[in-house]
Amino acid sequence: MLVAVAGQEQGFQLCPLDDLGRPSGAPMHVTDLAPAVAEWERRAQPRWVWASTAEVYPALLAAGVPVGRCHDIELTEALLLGYAGRWGEPRSLAAAWARLTGAPVPPDPPPRPPVPPGGGQGELFAPAPPPTAGGGTGLETLVKVYADQRARIDAVEQPRRFRLLVAAESAGALVAAEMGRTGLPWRADIHRALLVELLGEPSPVGPPRRLAELSAAIGEAFGDPRLHPDSPAEVLRALRRAGVDVPSTRSWVLRQVDHPAVPLLLKYKELYRIWTAHGWAWLDTWVHDGRFRAEYVPGGVVSGRWATRGGGALQIPKVVRRAVVADPGWRLVVADAGQLEPRVLAAVSGDRRLAAAAAAGDLYAALAADAFAGDRAKAKVALLGAMYGQTGGDALPALATLRRNYPVAFDYVESAARTGEAGGLVRSWLGRTCPPASATWADPEPDAGGDRSAPVARARARGRFTRNFVIQATAAEWALTLLATLRPLLAGLGELVFFQHDEVLVHCPAERADAVVAAVREAGERTRRLLFGDTEVRFPLETRIVECYADAK
DNA sequence: TACAATGACACA
DNA sequence: TACGTGTGTCATTGTA
């Protein structure tokens, strides 16, 4: 059962569609969408076909009307354009319609700046209403573009997989809107106590006490009390004066330097980052009513991973996770997919011997026992090096061992790299396609500095990107499918509150935590079958029931 | 004064 | 143990 919903200047039009996507009833016009959607959901749990979940769904959620399934035209359009090598072309319903009719294609609106929740200027920056598609009614446009998308999906090389990709991407958009609304339980009082413990008391004018002390101590160590430790250029000059010649002030470079200021600098960098990125200002901006609410952007990363707008939700430092605490009487179920990327490689490449190792709980240990004389660290370095395109270092002999013993898997990533170096496109398991190289990539000219090796270096970099893409994008699909599969299983048990690449958090009453764990396992099993059928590869989900996120690792 | 590029570091 | 991919955010620095 499908129902199309199109927004217009005055209200909305709804129309049931048959299994082929053709209108199968009279369109109805409503001014208030939520009650109509609620009624359809109650009667038939249809799949909603609409232009953009991000535009439509938040208002439904605000009205207390969640939906089960949808087809997101814009996200699907982006996937289809990418598949056709037309990455980056406008993806809106209006643009898709214009391409169908040969009209001039309107550009997509620019991405909105992050808007903190409850920010006073929300109205000023409110997004413009979606443009009403020109020519015919919005509903006709929507239905025709939907039909066109179905036809294009049928024409891809692996339509069954691509349909799954579209369904998962659309379901992900529902989850993203719901999670952005629900928010992650966040104890501002614990966060503040943590900040004082780490940074000292805040100062109304400058850095907090501990940072000011460290800054002074660093100045003293360099014999320059006016030195700014947060200016890499100044620190570099000070180090040179002290006879230390380093290419940068990166932490891992400084760690190899023997100078009394170095430990102070490293500590300063660590604390400074917490102060600027997750300090009092962040707390006041992003945490309200005991929840941290970020805006999740499905498909925001080329590999299909989500991005976030505002608050840096995907980069919460581990120390700060102490502030993520379940409500009284509730628990957090933290589930993460361990060793996801090597398992993905085993599954997509079809390497029987690697798949056998990936049937184990600890893939690296199994790999070590099988081919690396029990050296787990070496096995891990080899596999990661193969997936990420390691070029040098002590991983090289291990890579040779890997190539000899797992030639099918090795070939899979090598071939992706060669395709990229030659300027070609690669696809994930479900058919997400990598963006083409930039226009300057194929430029045979040396770079601006006259470096003749630049074209070769660019090709190598492109090869590393495509090599990694086939793995990272497929891992993102696995996680997205898990999310989509888990969502309905959680009904009445708990709510999804956080998602970060290969990790999911569910907030639930304590007495339901065990049922949530079971739901997570079931979702993991379904996800494996949906993506890879009867593969031998296992994707174990480690689950922990905790009160505080920091206790999960 | 405003914007873009850079460097740094957090996460997976 | 060393520099492999993908991000977002902040401050500094340089340019318009």
Side-chain angles (χ1 to χ4, degrees), chain A residues 111 113-114 116 207 211 228-237 246-256 265-266 268-279 281-282 285-286 294-297 299-321 336-341 344-345 375-378 380-396 398-399 413 416-417 420 426 428 432 434-435 460-476 478-479 498-504 549 553:
Chain A
L211 270 182
H228 291 103
D230 35 276
S231 162
E234 283 191 33
V235 172
L236 222 46
R237 278 196 293 273
V246 283
S248 74
T249 65
R250 288 177 166 82
S251 295
W252 68 271
V253 170
L254 288 184
R255 257 181 264 282
Q256 296 159 357
L265 272 170
L266 293 174
Y268 181 90
K269 280 167 181 287
E270 183 192 333
L271 297 180
Y272 179 79
R273 177 156 183 86
I274 290 171
W275 177 50
T276 56
H278 287 93
W282 180 90
T285 306
W286 295 107
E295 186 184 355
Y296 295 90
V297 186
V301 178
V302 295
S303 63
R305 284 178 167 183
W306 288 10
T308 57
R309 247 196 305 262
L314 300 181
Q315 295 102 254
I316 301 170
K318 293 214 161 106
V319 277
V320 178
R321 296 181 184 183
D336 85 300
Q339 308 172 338
L340 179 56
E341 298 197 345
V344 161
L345 173 59
D375 189 339
R376 187 181 180 280
K378 195 174 170 192
K380 181 176 175 177
V381 162
L383 201 45
L384 294 177
M387 286 189 299
Y388 298 154
Q390 183 116 36
T391 49
D394 37 351
L396 286 183
L399 275 170
V413 284
V426 295
S428 69
R432 192 187 300 270
C434 75
R460 293 249 166 84
R462 179 74 186 164
R464 282 194 299 274
F465 168 66
T466 52
R467 172 196 294 267
N468 186 246
F469 182 92
V470 295
I471 302 299
Q472 190 185 108
T474 305
W478 188 92
F498 192 58
F499 169 58
Q500 180 175 242
H501 308 317
D502 62 359
E503 188 176 17
V504 163
Y549 189 17
K553 276 266 156 75

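So that the names make sense, note that chain A is the first sequence line, chain B the second, and so on, each numbered from 1.
- A donor-acceptor contact closer than 3.5 angstrom is absent between the side chains of A:Y388 and A:Q472.
- Residue A:P232 places its side chain closer to B:dG7 than to any other of B:dC11, B:dG7, C:dG6.
- Nearest to the side-chain atoms of A:Y388 among the listed nucleotides B:dA10, B:dA8, C:dG4 stands C:dG4.
- A donor-acceptor contact under 3.5 Å is not formed by the side chain of A:Q472 with the base of C:dG6.
- Going from atom CG of A:L314 over to atom C1' of B:dA10 covers 11 Å, rounded to whole Å.
- For A:R273, counting side-chain heavy atoms from C-beta on, the closest listed nucleotide (C:dT7, B:dC9, C:dA11) is B:dC9.
- Closest contact between the side chain of A:D502 and the listed nucleotides B:dA12, B:dA10, B:dG7 involves B:dA12.
- Contact annotation: A:R464 side-chain N/O to C:dT5 OP1/OP2 distance is under 4.0 Å.
- Applying the 4.0 Å criterion to OP1 and OP2 of C:dA11, one finds that A:K269 has every side-chain N and O outside that range.
- Here C:dT13 is the nucleotide among B:dC11, C:dT13, B:dC9 with the atom lying nearest to any side-chain atom of A:S231.
- Taking the side chain of A:D230 as heavy atoms from C-beta on, and the options C:dC10, C:dT12, B:dA12, the nearest nucleotide is C:dT12.
- Side chain A:R305 to base B:dA12: a donor-acceptor pair is found below 3.5 Å.
- Between A:R250 and A:Y272, the one whose closest nucleotide on DNA chain C sits nearer the 5' end is A:R250.
- Across the strands present, C:dG4 finds no partner; the criterion is a Watson-Crick or G-U wobble pair with both atom distances under 3.5 angstrom.
- Note that NZ of A:K269 and CZ of A:R250 are 9.5 Å apart. Values are rounded to the nearest 0.5 Å.
- When each of B:dA8, C:dG6, B:dC11 is scored by its nearest atom to the side-chain atoms of A:Q500, the top-ranked nucleotide is B:dC11.
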